[in-house]
Amino acid sequence: GDITVTVVERMANGNLRVRGEKWVTLNQGEEFIRLSGIIRPYDIEPDNSVSSRKVADARITYSSKGVLAAANRMGLLSRFFNSILNPY
């Protein structure tokens with residue numbers, strides 16, 4: 001997929017620190033994707049895009065909310081049995 005980012009800093013060596021986020025609404029919930037990292041100006045393609053392989057120090061955050069996200073959360077008993085209070 002694609003995500004739009006903006007330049008938040010031009011570094012002394014000419015590299016660019018970028019950051020962007022995107023909300024995607026699906027059938028039963030929403031997904032949130034945030035990307036930040038450093039790119040070299042000459043890695044920017046003529047169509048103003050950069051391959052994710054060329055993003056240094058990439059930090060990608062993903063989360064979701066809605067019915068599907070709730071279904072993937074661990075239940076109360078599962079959390080209890082996996083807690084440090086019960087080592088077995």
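Values below: all heavy atoms of this structure, side chains included; hydrogens, waters and symmetry mates excluded.
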Check: V8 and L16 side chains under 4.5 Å, non-hydrogen atoms: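 Sidechains of V8 and L16: no contact.
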Test item: N15 and P41 side chains (from C-beta on) under 4.5 Å apart, heavy atoms: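 The answer is yes; the side chains approach within 4.5 Å.
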Worked verdict on I39 versus I44 for side-chain contact (heavy atoms from CB on, under 4.5 Å): CA-CA 8 Å; I39 60 170; I44 301 173; 4.1 Å; yes
Hey, what do you get for [atom1] ([X]) to [atom2] ([Y]), rounding to the nearest 0.5 Å?
X: K22; Y: E31; atom1: NZ; atom2: CD; result: 10.5 Å
X: R40; Y: K54; atom1: CZ; atom2: NZ; result: 6.5 Å
X: R59; Y: R34; atom1: CZ; atom2: CZ; result: 9.5 Å

Are [Y] and [X] connected into the same hydrophobic cluster when the rule is that any two of I, L, V, M, F, W, Y join if their side-chain heavy atoms are below 4.5 Å apart?
X: L35; Y: Y62; result: yes
X: V55; Y: I3; result: yes
X: V50; Y: I60; result: yes

Whether over 12 other heavy atoms sit under 6.0 Å from N13 CG: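 More than 12 within 6.0 Å, yes.
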With a cut-off of 6.0 Å (strictly less than), are more than 12 heavy atoms of other residues, nucleotides or ligands near CG of D2?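 12 or below, so no.
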Test side-chain contact (heavy atoms from CB on, under 4.5 Å) on E21 and F32 and set out the steps. CA-CA 7 Å; E21 58 187 47; F32 174 75; 3.7 Å; yes
How close do D57 and I38 get, heavy atom to heavy atom, and via which atoms?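 Distance-wise, the nearest heavy atoms are OD2-CD1, 3.7 Å.
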